[in-house]
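Contents: one structure, followed by commentary.
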Amino acid sequence: MRHAVYRMSALLLAAWIAAMPAALAQDSERNRYFVQQMIEMAATDNEQGVVSMQRMLEQNPRPAAPDPVAARAAFQRGLTLFGQEALDAALEAFQQASRDDPGDPDAANHAGLVYRKMGRFPEAEAALQQALALEPTRAVAWFQLAQVYGLKNDANRALGALANTYRFAQNQMRAEEILRNIAENEAADILRNAALQTLRLFHLPAEAVIVPPLPANPGGIVPMNSAPNPARTP
Amino acid sequence: MNFPFFTRGLALALALAGAPPASAGQYETIDYYVQQMIALAGVNEEAGVLTFREQMENLPRPEPGDAQQARPFNQHGQEQLAGGQLREALAAFRQAFIANPADPEIAGALGLTYLRLRRFKEAERLSVYALSLAPARSASWLTLGQVYGQQGDTRRATGAFANAHRFASNRPWIAEQLRQLATADPVDAIRIGALQALQSARTTTAQPAPSTSAPSQPAAPVRPAVNSSRATDDPGSAPVAASGLLGSLKQGLATLAKPTDPAAAGPTALAAPANDNPGQRIYRRSMPLTCLIVTFRDGKTANLGSGLLVSPDGLVITNDHVIDKAENLAVRCGDRESVARVRKRSKAPDLALLTTSLDSRESFVLNQTYSQNLIGLDVFVIGNPYGLESTFSTGVISGLREIDGVRYIQISAPISPGNSGGPVILRDGTVIGVATMGLKVGQNLNFAIAAADVIASPIFAPKQMQVRSASTP
């Protein structure tokens, strides 16, 4: 009987261990869904919806850190390497930090930043969503994510992510000025327009700098100094 | 009543009762306190202003940024701003602000740049934010006052300017800035706001400065109408709300260039030195009794002219054509100002009597003399031709004329549009006529309604006005 109990326990443990990656993957998908919902609701100025999804994410238990000391050291190494623009090495360091402490949003956020710098947008998006799942009010991660969507030409998501950037900014006036700067100076149309729309979403003053181009010669206006009947050359 | 205690109590009650809604965002919260400070400054509630200032100072501060990174951007912005390169200044100050949003100087400079770019909403937000970092930063209050003025909000402009003065570490400098705004800014609400702030700060009124704006249309001397001689109490002259009218007063008065004013320090400054020549003596005595009349119609300055203070309780005589079609009236006599109401009007002679709140120990005395003996006597004319306040000129009595049943003193002293309604004064300081019209042809052929006809007219108030009986002057 005791052997049977032990066998059963071992089987259950084995089953639980076997199922763990699938559960984690499921959690990851679920979290990604909540983050996407926050983006979509922010884009339509659905504040209550944004807050609801934020609460769902905040109810997640924080993953245990296998080695927080090593994680911190790896993160610091990543920052140094990033400062030296050694992006591959920095990414490796941030990934290590994330493995040693999967509950650290800093590591995931910086991994996302490096991916974005490398032009690896899907990975950047995933890393930043991971950071936001851990800390849904992290404005910097929302801002990174908005830039990723801007670069991916995803206007609506860029808008939603920028809206959350402003919503969760610790200093909203600074965020407002950053948005205005983007709205007036950013070369990429998607991001520039998203910043402009975000300012408008929050009823903040904004100046659109790009106007629809005028026809080249409206109404057939002729320059004053043009000859009325230019002589034909033979 | 113990007023200081009452004021403190009121301020405290306001502070306790007034708090931004719990749901207010970051900006809304700080804006709430700034607006309270403006409102209280506008009514000179110093205790209330200081209470809200203290509350603002207790608000959570933003995290300090990277001052080292911000410094070169800020420096570059200052250079560009000084050079009038506003776009470049904006870009630089933005970078500085993003690097260090906790520096009130940078936030204030960014607000000022937005103001110069005429982006008033942004200028307002940045200035309010700068004040949340440093509620006593005078420069940001000054910017904010201009922002509100540009938006036509005189009340808030006044309050913000008052706080600019209140918190200035260099009050003469800020007073000078306000004077310049009061006299030279093309925007009415800014001029009025600055003037009111100066007055509430009990500083002297706007000093002379070259006016960049053309004065309002002065009342040209005209030939008086002859078809009506009936004086009427004017029921249409009921005052509008005092604040609106006072605002209009400031609007009109602030439009004008003011002369260097010996009366700026008050009536005692008019005491004549013993060795004055007669012109100086008459000017010093007459200037505070000679009034600028400003009229308003459809909320705008419509007309201006001159007038003379003729009673200790503030009666002012002017020409009827000066106040014709006016909806509201304001006067400034010397350095004192008041709204005015029309008490009586007369088309022939062309006269009007205004009531004001200007109590005065002194007033002009009307000289009843009208005889050939007057011809050749020196006369002195003081008025506001083309808005040039207290312009003094001299001449002689050239003749006596009766035109359309009205007796006039012909004078050689120059008068121009804006002189209408002003006094023509003899060497003894009595008023011999009211400057009214001139001939466009010829030179120095000008006419004043004889004081004798003022006394004979329906606007004359015998119990209040002083008269020197006809005799050899």
Side-chain angles (χ1 to χ4, degrees), chain A residues 42 45-52 54 79 82-83 106 113 135 137-140 142-144 146-147 162-187 191-192 195-211, chain B residues 23-31 34 59-66 69-70 73 77 86-88 90-104 106-111 113-115 117-133 140 147 150-151:
Chain A
D45 202 20
N46 180 351
E47 185 175 358
Q48 281 193 333
V50 172
V51 172
S52 298
Q54 176 195 337
L79 285 180
F82 184 70
D106 272 342
L113 171 61
E135 189 182 336
T137 59
R138 177 170 282 244
V140 174
W142 284 115
F143 187 56
Q144 300 287 348
Q147 291 180 74
L162 280 182
N164 281 334
T165 303
Y166 179 76
R167 187 184 305 280
F168 296 119
Q170 283 195 335
N171 186 331
Q172 286 190 325
M173 188 55 72
R174 178 173 181 268
E176 180 181 332
E177 208 52 45
I178 290 171
L179 287 171
R180 262 199 288 275
N181 198 30
I182 296 171
E184 292 171 18
N185 299 307
E186 172 60 48
L191 201 55
R192 188 181 62 247
L196 190 61
Q197 286 179 2
T198 303
L199 289 165
R200 289 177 176 160
L201 199 65
F202 288 98
H203 308 288
L204 302 172
E207 190 174 76
V209 287
I210 306 295
V211 295
Chain B
S23 60
Q26 293 173 8
Y27 178 80
E28 286 72 23
T29 300
I30 56 178
D31 187 49
V34 168
L59 290 174
R61 304 273 112 182
E63 298 229 347
D66 188 338
Q69 190 190 348
F73 286 120
L86 298 181
R87 289 272 163 204
E88 291 77 3
L90 176 65
F93 284 134
R94 257 186 189 155
Q95 292 303 322
F97 180 73
I98 290 167
N100 186 11
D103 185 334
I106 293 171
L110 185 55
T113 308
Y114 275 127
L115 170 67
L117 285 163
R118 304 188 63 75
R119 293 175 65 172
F120 303 128
K121 292 280 183 197
E122 290 97 329
E124 178 184 1
R125 291 178 73 81
L126 265 299
S127 300
V128 166
Y129 175 84
L131 288 168
S132 76
L133 302 173
S140 291
V147 169
Q150 288 284 356
Q151 294 171 332

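The basis for the numbers below is simple: all heavy atoms, side chains too, and nothing from hydrogens, waters or symmetry mates. What you are looking at is a predicted structure, and each value in this text was computed from that prediction instead of being measured. Per chain, numbering begins at 1; letters A, B, ... match sequence-line order.
Interface residue B:Gln95: only side-chain heavy atoms are found under 4.5 Å from chain A. With a threshold of 4.5 angstrom between heavy atoms, A:Ala169 approaches chain B through N, CA, C or O but not through any side-chain atom. Only the side chain of B:Arg119 has a heavy atom closer than 4.5 Å to any heavy atom of chain A. Only the side chain of B:Tyr114 comes within less than 4.5 Å of a heavy atom in chain A; its backbone stays farther off.
Aromatic rings from B:Tyr129 and B:Phe97 are positioned such that their centres are separated by under 6.0 Å.
No side-chain heavy atom of A:Gln54 sits less than 4.5 Å from a side-chain heavy atom of A:Arg167.
Ion pair B:Arg118/A:Glu207 not flagged as a salt bridge, since none of the NZ, NE, NH1 or NH2 atoms sits closer than 4.0 Å to an Asp/Glu carboxylate oxygen.
Here the side chain of A:Asn185 pairs a donor or acceptor atom with the backbone of A:Asn181 at under 3.5 angstrom.
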